[in-house]
Amino acid sequence: MKNLPTIKKLPRKFYKRPVLKVAKDLLGKIIVKHEGRKIFAGRIVEVEAYDGRIDEASHSFKGKTKRNEVMFREGGYFYVYFTYGVHHCCNVVTGEEGHGAAVLIRAIEPIEGIQTMAMRRFGKRKIDEKQFINLTNGPGKICQAFSFDRTHSGLDLTGSKVYIIDMPSLKKSQIGISKRIGISKSTELPWRFFIKNSKYLSR
DNA sequence: ATCAAGATTACCT
DNA sequence: GGTAATCTTGATA
């Protein structure tokens, strides 16, 4: 057997790099969640970088607290928080221990587990293909579809419950860059990255 | 103890 | 385009 693509989890080394590099490199990769024998998976199409050392919009900007403790670990942990009394958002911790940097996953192209995602998002299993783009095109929607909540915060992404599968790197020309969405501080930083032609973006 | 803000979304006009 | 929903967190007293 040769020339078959190898399915490989991203290793610790991938995550322990600077947050802006990890953010761009996460585009096109596949995030996977196992729930018993059910599997959920999707292609990451939009992310934002947060770096607590220089970025006032980051939860970690003012130092370690009970809520953001996971952000200060070494790269490769899953940071999930609850906001607006309604939604969860999920992040990938990057860099070395103590950095307080993470990548917010903002939009995904659903691949596996779509019927269950539809159930969680819209209360029914059968949805029109047209609605696929509304399943996971926002950070809160992703967490609803995948059932990510604070109990998943601190999971090791090199483990077997939630992880990310390596995929070929994208060309630079396929990646779009913009300011981040929904923040009120450090708004000028161009730290949102997305796959240019994707139909599954949050906006 | 109290309070304001929040890395959002859905639904309204 | 505007805003209600809903509750945790972190800051201040």
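Keep in mind that this is a model prediction, so the values were computed, not measured. Below, chains carry the letters A, B, ... as their sequence lines are ordered, and counting in each starts from 1.
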Sugar-phosphate, base or nothing in reach of A/Gly85, heavy atoms under 4.0 Å: base

Aromatic contact, A/Tyr77 with A/Tyr15 (centres under 6.0 Å): no

Touch class at under 4.0 angstrom, heavy-atom based, for A/Ile183 against every strand present: sugar-phosphate

Minimum-distance nucleotide to A/Arg106 side chain [options: B/dT8, C/dG10, C/dT8]: B/dT8

Parallel, tilted or perpendicular: rings of A/His88 and A/Phe82 (30°, 60°): tilted

DNA chain B: stems of at least 3 consecutive Watson-Crick or G-U pairs whose donor-acceptor distances fall under 3.5 Å: B:1-6 with C:7-12, B:8-12 with C:1-5

Nearest-angstrom distance from the residue atom CG of A/Leu135 to P of B/dT9: 13 Å

Nearest listed nucleotide, side chain of A/Leu104, among C/dT8, C/dA5, B/dA7: B/dA7

Heavy-atom closest contact (A/Gly75 atom, A/Lys16 atom, distance): N-CG, 3.9 Å

A/Phe82 side chain, from C-beta outward: closest of C/dT8, C/dG10, C/dT6: C/dT8

Nucleotide B/dT8, atom P - distance to CG of A/Asn134 in whole Å: 16 Å

Output field: ring centroids A/Tyr81/A/Tyr79 closer than 6.0 Å: yes

Nearest-Å distance for atom pair NZ/C1', residues A/Lys62 and C/dT12: 12 Å

Carboxylate-amine/guanidinium proximity below 4.0 Å for A/Glu96 and A/Arg53: no

Under-4.0 Å side-chain N/O to phosphate OP1/OP2 contact, A/Thr65 with C/dG10: yes

Aromatic ring of A/Tyr84 stacked on base six-ring of C/dA5, 5.5 Å, 30°: no

Note: A/Arg180-A/Asp55 ion pair, threshold 4.0 Å (strictly below): yes

B/dA10 phosphate, OP1 or OP2, under 4.0 Å from A/Lys141 side-chain N/O: yes

Whole-Å distance separating the CG atom of A/Asn137 from the P atom of B/dT8: 13 Å

Atom-pair distance (CG on A/Asn68; P on C/dT8), nearest Å: 18 Å

For A/Leu201 against A/Val45, the heavy-atom pair lying closest together: CD2-O, 3.5 Å

Integer angstrom distance from the C1' of B/dA5 to that of C/dT3: 16 Å

Distance in angstrom units between A/Gln144 CD and B/dT9 P, rounded: 10 Å

Sugar-phosphate only, base, or nothing, as touched by A/Arg192 at under 4.0 Å among non-hydrogen atoms: nothing

Distance in angstrom units between A/Tyr50 OH and B/dG6 P, rounded: 12 Å

Touch class at under 4.0 angstrom, heavy-atom based, for A/Ser184 against every strand present: sugar-phosphate

Sugar-phosphate only, base, or nothing, as touched by A/Arg121 at under 4.0 Å among non-hydrogen atoms: sugar-phosphate

Sugar-phosphate only, base, or nothing, as touched by A/Arg180 at under 4.0 Å among non-hydrogen atoms: nothing

Distance, rounded to the nearest Å, where A/Arg203 contributes CZ and B/dT8 contributes P: 8 Å

Residues clustered with A/Met119, ILVMFWY side-chain links under 4.5 angstrom: none

